[in-house]
**Q** 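Sharing a structure here in structure tokens format.
In what follows, chains carry the letters A, B, and so on, assigned in the order in which the sequence lines appear, proteins first and then strands, with residues in each chain numbered from 1.
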Number of protein chains: 2
Amino acid sequence: MGQVDETNPEPAELLSRCFDILDAFCRGPAEKLTLADITRRTSLPKSTAHRLLASLVSLGALERTGPAYQLGLRMFEIGEHVTRKRDLREAALPFMEDLYEVTHQTVHLAVLDGTEVLYIERIQGHQKQRQLASRVGGRLPAYSTGVGKALLAFNPQTAAQIIKTGRLQARTPYTITNPKLLLEELAATRKTLLAFDRDENALGIHCVATPILANNQAVAAISVTGPANTIQEERIGSAIRTAALGIERTLGTNPPT
Amino acid sequence: MGQVDETNPEPAELLSRCFDILDAFCRGPAEKLTLADITRRTSLPKSTAHRLLASLVSLGALERTGPAYQLGLRMFEIGEHVTRKRDLREAALPFMEDLYEVTHQTVHLAVLDGTEVLYIERIQGHQKQRQLASRVGGRLPAYSTGVGKALLAFNPQTAAQIIKTGRLQARTPYTITNPKLLLEELAATRKTLLAFDRDENALGIHCVATPILANNQAVAAISVTGPANTIQEERIGSAIRTAALGIERTLGTNPPT
DNA sequence: TACTAGTGTTCCACGTGGCGGGACGTTCGG
DNA sequence: CCGAACGTCCCGCCACGTGGAACACTAGTA
């Protein structure tokens, strides 16, 4: 019933390479890339990259100014029509606003994609200087973030995969790199429906997270993130669970994916 | 200096077709499409569409559940990295919030793309039932919208093109379909920096708009939109110009594109 | 000025990989 | 029981994408 196929029938070479190029713009803060940059990041032959770039530009997927390429408005337009994101966002936003109202900390909405967490939405009041690592459309490892652990708790096969492939790299001295410890935490999260991040992803930053469940699957997670000393875990825990229940109810009214 | 090339060196057929498919998801409210739907919308041979869809799925550009395809998270991720949109949004959002605070009407941010207006951002308080035609990532004709006319006023060649190709279709009885009238309005907008929409795009909806200028080019436009009787043009006009100046100043601090 | 190392652009013979008509299996509604 | 509409699969043909190599241009260095 409604399974997502994960086959790999050799996508057209040309296409695959084009997406490599588009992905090149999603890594690192550099957002205008030159032909040479792209050949480096994708290790494509120069002339091939050149040709593909020309095609992408003529399709509006990229825009070119002089020697610099950047993602085009057409990609934005398509991205805004991604239903999974749209539905989630619409359902979650009001409750995220409530959470912000109560906590005055940054509120995140994220989903699991592969072994990483993809941020769908973020609310932070009036652009504080607080530079968090997160960013809408950005990715972070699942095992070192609150939302990530909330999601992993309900995706045991993904958790196992992360552990098996030895991806538990320390991002701070507090990152959990011990598989057994991580699994214990995930088990606790399954019971309390809360996940925490205490300096594990960035020093001085704490976070309380909870999954959004639908049909016993974690379709997303929300979190409240901020400076260690301002995050009161019990108080935020209640608030965030309340918000999560509201979102689940809203999602339930729409026919589930 | 910094011109965008608009050449057309025959993009790879395969690629062009894939974008046709992706575009198919951006038209109409239908957001899950079946193979047959897609062959209809793109008029591709069935087997070809089938193969391309499989490729797109295996790349994560599309997701498949049973017979239904929808845009994948990867497209969202890429879309969020479109710099032109990101920079504009970041610069404009605070001022748009101020505008909302003052007017309590829907606030739009849009850019010109081809002969249409592409909506980048929208603020509307607590999800009122008010269903406007606009939508983030959506398009509307430039000539019948406030933001569109604000942008056309500073893109005379595009305005000429729209008129020449006879695209002035009436969307309501009040839509301006007379080229001369439209040009006069654009000239007025160039002087006052304000554009109006009075039932021209949708009945009962008025709108006040203004361009965001950088180097004497209109890079975007903002508008305040709402029910005809609640839009006070003079008052909103001042507010929206103030906001526009703030945005222009913010954009100016970043090196212009 | 000459030289080098880095860019972006163009060309073209080669052969891979995309093409799509058509056959097949399945699920509907009548 | 049949036809219609859908998704899947196959396979010979040949267009089209491929990428090495040559070219052009701009620094920066000696």
Side-chain angles (χ1 to χ4, degrees), chain A residues 1-25 28 30-72 257, chain B residues 1-25 28 30-72 257:
Chain A
M1 49 170 274
Q3 290 297 355
V4 175
D5 305 5
E6 198 66 58
T7 54
N8 228 2
E10 307 207 15
E13 189 69 0
L14 168 62
L15 242 202
S16 160
R17 289 170 164 192
C18 282
F19 273 89
D20 287 346
I21 290 179
L22 294 178
D23 275 338
F25 289 90
E31 287 158 346
K32 289 200 178 188
L33 299 180
T34 165
L35 169 61
D37 294 336
I38 290 168
T39 59
R40 268 188 296 272
R41 292 203 189 187
T42 61
S43 55
L44 287 174
K46 201 181 10 169
S47 59
T48 301
H50 183 63
R51 183 165 22 87
L52 297 182
L53 284 172
S55 293
L56 288 169
V57 167
S58 84
L59 288 170
L62 297 180
E63 292 168 4
R64 176 178 184 175
T65 41
Y69 295 89
Q70 61 179 334
L71 290 172
T257 310
Chain B
M1 49 169 278
Q3 290 299 356
V4 175
D5 304 5
E6 199 66 55
T7 54
N8 228 1
E10 306 206 14
E13 189 69 2
L14 169 61
L15 242 201
S16 160
R17 290 170 164 193
C18 281
F19 273 89
D20 287 346
I21 290 179
L22 294 177
D23 275 340
F25 289 90
E31 288 159 343
K32 291 200 175 185
L33 298 179
T34 166
L35 170 61
D37 293 336
I38 291 167
T39 60
R40 267 187 296 272
R41 292 202 189 187
T42 62
S43 55
L44 287 174
K46 201 179 12 170
S47 59
T48 302
H50 183 62
R51 183 166 22 87
L52 296 182
L53 284 172
S55 293
L56 288 169
V57 168
S58 83
L59 288 170
L62 296 179
E63 292 168 5
R64 175 179 185 174
T65 42
Y69 296 89
Q70 61 179 334
L71 290 172
T257 306

**Q** For Ile38(B) and dA5(D), give me the distance from atom CD1 to atom C1', rounded to whole Å.
**A**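 Nearest whole value for this atom pair: 16 Å.
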**Q** Tell me: CG of Leu33(A) to C1' of dT7(C), nearest whole Å?
**A**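 To the nearest whole Å, that distance equals 15 Å.
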**Q** Could you check if a side-chain atom of Leu62(A) sits within less than 4.5 angstrom of a side-chain atom of Leu22(A), using non-hydrogen atoms only?
**A**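 Touching, per the 4.5 Å side-chain cut-off.
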**Q** Under 4.0 Å between a side-chain N/O of Thr48(A) and OP1 or OP2 of dG19(D), yes or no?
**A**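 For Thr48(A), the contact criterion (side-chain N or O under 4.0 Å from OP1 or OP2 of dG19(D)) is met.
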**Q** Checking contacts here: which listed nucleotide (dT18(D), dG22(C), dT7(C)) is nearest the side-chain heavy atoms of Arg40(A)?
**A**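 Of all the options, the side chain of Arg40(A) is nearest to dT7(C).
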**Q** Send over the distance from Asp20(A) CG to dT18(D) P, rounded to a whole Å.
**A**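 To the nearest whole Å, that distance equals 12 Å.
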**Q** Do Ser47(A) and dG20(D) share a donor-acceptor pair, side chain to base, under 3.5 Å?
**A**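 Checked by distance alone, the answer is yes.
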**Q** Quick check for you: among dT8(D), dG21(C), dG17(D), whose closest atom lies nearest to any side-chain atom of Pro45(B)?
**A**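 Closest of the options to the side chain of Pro45(B): dG21(C).
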**Q** Would you find a donor on one side and an acceptor on the other, under 3.5 Å apart, between the side chain of Ser58(B) and the backbone of Ser55(B)?
**A**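 Such a contact is found between Ser58(B) side chain and Ser55(B) backbone.
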**Q** So which nucleotide from dT9(C), dG17(D), dG19(D) ends up closest to the side chain of Lys46(A)?
**A**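 The nucleotide sitting nearest to the side chain is dT9(C).
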**Q** Without decimals, in angstroms, what is the distance between Leu52(B) CG and dT8(D) P?
**A**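 That distance rounds to 14 Å.
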**Q** For Asp20(A) and Arg17(A), what are the C-alpha separation, side-chain angles and deciding distance, and is it a salt bridge (Lys or Arg N to Asp or Glu O under 4.0 Å)?
**A** CA-CA 5 Å; Asp20(A) 287 346; Arg17(A) 289 170 164 192; over 6 Å; no
**Q** Considering only dC6(D), dG17(D), dT8(D), which nucleotide approaches the side chain of Tyr69(B) most closely?
**A**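 So the nucleotide nearest the side chain must be dT8(D).
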**Q** Nearest-nucleotide wise, let me know which of Leu15(B) and Pro67(B) is further upstream toward the 5' end of DNA chain D.
**A**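 Its nucleotide being nearer the 5' end, the pick is Pro67(B).
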**Q** Could you check if a side-chain atom of Leu35(B) sits within less than 4.5 angstrom of a side-chain atom of Pro67(B), using non-hydrogen atoms only?
**A**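 The answer is no, as the side chains (C-beta and beyond) never meet within the 4.5 Å cut-off.
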**Q** To the nearest Å, give me how far apart CG (Leu14(B)) and C1' (dG17(C)) are.
**A**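 That distance rounds to 10 Å.
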**Q** Rounded to whole angstroms, how far apart are CG on Leu35(A) and C1' on dC25(D)?
**A**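 Distance check: Leu35(A) CG to dC25(D) C1' gives 14 Å.
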**Q** Could you go step by step and tell me if Leu15(B) and Leu56(A) meet the side chain to side chain contact (heavy atoms under 4.5 Å, CB included) rule?
**A** CA-CA 8 Å; Leu15(B) 242 201; Leu56(A) 288 169; 3.8 Å; yes
**Q** Just the rounded figure in Å: distance from P of dG17(D) to CG of Leu53(A).
**A**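 It is 15 Å, rounded to the nearest whole Å.
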**Q** Counting side-chain heavy atoms from CB outward, which of dG20(C), dT7(C), dG17(D) is closest to Arg51(A)?
**A**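 Looking only at side-chain atoms, Arg51(A) lies closest to dG17(D).
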**Q** To the nearest angstrom, how far is His50(B) atom NE2 from dC10(D) atom C1'?
**A**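 Those two atoms, NE2 and C1', are 11 Å apart.
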**Q** Just to confirm, is there a sub-4.0 Å distance from OP1 or OP2 of dT18(D) to any side-chain nitrogen or oxygen of Arg17(A)?
**A**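 Answer is yes, contact under 4.0 Å.
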